[in-house]
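A short worksheet on the structure shown next.
As the structure lists them, so they are numbered: ligands from 1, and atoms in each ligand from 1. The first residue of the sequence shown is numbered 1, and numbering continues consecutively from there. All values below come from the heavy atoms of this structure, side chains included, with hydrogens, waters and symmetry mates left out.
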Amino acid sequence: MTIEATLIPGDGIGPEIIDATTRVLAALGAPFTWDVQQAGIAGIAAHGSPLPNETLDSIRRTRLALKGPLTTPVGGGFKSVNVALRQEFSLFANVRPARTLIPGGRFDDIDIVLVRENLEGFYAALEHYIPVGDDAQAIAMSAGFNSRAECRRIITFAFEYALANGRRKVTIVHKANILKILTGLFLQVGRDVAQDYAGRVEMDERIVDACAMQLVMNPWQFDVIVTTNLFGDILSDLLAGLVGGLGLAPGANIGEHAAIFEAVHGSAPDIAGQGSANPLAVIGAAAMMLDHVGCIDLAARLREAVRLTLCVDAVRTRDLNGEATTEAFTNALLRRIEA
Ligand code: NAI
Ligand code: MG
């Protein structure tokens, strides 16, 4: 059995860590065959567009993609390609697990899954300037929106995820005390959905700023977190920090008809081309992709090989205070997979 999937190497460190990941998947005997396509700066270079039609057509066909990070220039006329991809394929759920891989860090035994609404909120970025006097950009305006339907879909997804993965609690994170309508609707729908799961999955709620503090003070009280788009973006980097940084944090963008797997981190231009990037965030995303297509055993084997490489062989990249290059780390992981 083979499964065709789109492979987007991406920008910056993308090609280096995607290359490491496909080597690892091949050694595992994963069923994927890759249709390699470009996006981001690489898409502009190849086809004159950050999101070429070739790439969209490929994902329309395969409905499954593994992607490296894409550079989005700040400001200017560029819409984020990542956001555009999520919109194009209605990838409404962004699942970002944070699990301790290396014991003895600042926080031990962390195991939290953040479920982020991926299509609405302030990521709508409905923005404009209001001129005052001779200042054309005197006031910056932004509007966000949350729909009842999408709130229901993402919160239901979080509770179903909890049930399917043997988790006990879902915490709804909001700012309904201030954004009474925008995030009040999210909370209201959350309370409603939670009733359908009463006795099966516990429900809890937090205001986002308090949640940020409590994630640092006592992260063990959290299990599954569900929240709106921007809060989810911010809290998922916080969660990555609890477990050793962005180099370890994978994510999945899930829709009803397609799924795209990627790291939480970006293209890391500061270390691109140096061969020092940690490939584990994308490799973790590949493990989620294996779970997604039902290759649970391969995903478990991959995670165990990662654990042995990090914790028994103590081979680690620079971001984890190790000395291994991307290449050396990947070779060490391949030895564990082939053992
Ligand atoms: P970033 O995540 O690329 O980098 C933040 C810091 O973490 C940097 O110091 C970087 O060296 C380090 N880092 C990230 N990944 C690492 C890895 N695998 N191994 C070792 N160190 C790693 O965030 P930044 O610099 O804010 O964004 C750079 C570009 O990436 C921007 O254009 C941004 O829009 C884009 N971006 C793309 C995302 C995506 O494709 N899903 C997500 C986040 C940002
Ligand atoms: Mg982010």
Side-chain angles (χ1 to χ4, degrees), residues 7-21 24 37-44 50-51 55 65-76 78-89 91 94-96 98 101-102 114 116-118 121-123 125 227-241 243-253 259-286 288 306 310 315-330 333:
L7 184 71
I8 303 172
D11 299 319
I13 60 172
E16 304 164 42
I17 56 182
I18 287 283
D19 178 63
T21 305
V24 163
Q37 297 291 342
Q38 304 299 335
I41 305 293
I44 297 175
L51 192 49
T55 306
L66 180 65
K67 74 173 266 297
L70 305 175
T71 298
T72 304
V74 175
F78 282 92
K79 196 179 164 193
S80 161
V81 182
N82 296 305
V83 172
L85 270 174
R86 293 165 193 165
Q87 295 287 348
E88 178 68 30
F89 296 101
L91 306 175
N94 188 195
V95 182
R96 293 178 157 181
L101 291 182
I102 304 174
L114 184 128
R116 164 193 180 193
E117 198 289 310
N118 221 12
F122 277 125
Y123 267 58
T227 190
T228 48
N229 205 336
L230 180 61
F231 297 159
D233 178 46
I234 297 166
L235 291 183
S236 56
D237 274 36
L238 193 161
L239 286 173
V243 298
L246 283 171
L248 295 175
N253 299 286
I260 300 181
F261 296 82
E262 64 181 341
V264 170
H265 65 69
S267 54
D270 53 334
I271 59 166
Q274 296 176 10
S276 65
N278 187 347
L280 278 177
V282 175
I283 289 173
M288 295 177 80
V306 167
L310 287 174
V315 180
R316 296 171 194 174
T317 45
R318 256 191 351 226
D319 56 310
L320 302 176
N321 299 319
E323 285 165 2
T325 60
T326 311
E327 173 84 19
F329 178 83
T330 307
L333 179 56

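When all heavy atoms of Leu85 and Leu91 are compared, the pair lying nearest together is O-CD1, 4.0 Å. Between Leu114 and Gly232, the shortest heavy-atom contact is CD2-O, 3.6 Å. Val264 approaches Pro250 most closely through the heavy-atom pair CG2-O, 3.7 Å. When all heavy atoms are compared, the tightest approach of Lys67 to Ile18 is C-CD1, 3.8 Å.
Within the listing of ligand 1, atoms 28 (C) sit less than 4.0 angstrom from a heavy atom of Pro269. Of all the atoms in ligand 1, the ones that sit under 4.0 Å from a non-hydrogen atom of Ala277 are 19 (N). Residue Pro69 approaches ligand 1 through these ligand atoms, each under 4.0 Å from one of its heavy atoms: 40 (O). Atoms of ligand 1 found under 4.0 Å from any heavy atom of Thr71, numbered from 1 in the order shown, are 32 (O). For ligand 1, the atoms lying closer than 4.0 Å to a non-hydrogen atom of Asn82 are 37 (C), 38 (C), 39 (C), 40 (O), 41 (N).
At a 3.5 angstrom cut-off on N or O pairs, Asp319 does not count as close to ligand 1.
You'll find the side chain of Glu262 reaches within 4.5 Å of the side chain of Asn82, heavy atoms only. Counting only heavy atoms from C-beta outward, the side chains of Leu51 and Leu70 never approach each other to under 4.5 Å.
Shortest distance from the Mg ion (ligand 2) to Asp233 is reached at OD1 (N/O/S atoms only).
Without hydrogens or angle criteria, Thr55 side chain to Gln38 main chain gives a donor-acceptor distance under 3.5 Å. Side-chain N or O atoms of Thr326 include one that pairs as donor or acceptor with a backbone N or O of Gly275 at under 3.5 Å.
Contact annotation for Asn278 and ligand 1: heavy atoms of both the backbone and the side chain come within less than 4.0 Å of the ligand. When non-hydrogen atoms are compared, ligand 1 lies under 4.0 Å from the backbone of Val264 (N, CA, C, O) but not from its side chain. Contacts between Glu262 and ligand 1, counted as non-hydrogen atom pairs separated by less than 4.0 Å, involve the side chain only. Using a 4.0 Å cut-off between heavy atoms, Thr72 contacts ligand 1 through both its backbone and its side chain.
By the neighbour-count criterion of 12 heavy atoms within 6.0 Å, atom CD of Gln274 is densely surrounded, having more than that number from other residues, nucleotides or ligands.
Residue contacts with ligand 1 include Asp270, since one or more of its heavy atoms lies under 4.0 Å from the ligand. At least one heavy atom of Lys67 sits closer than 4.0 Å to an atom of ligand 1.
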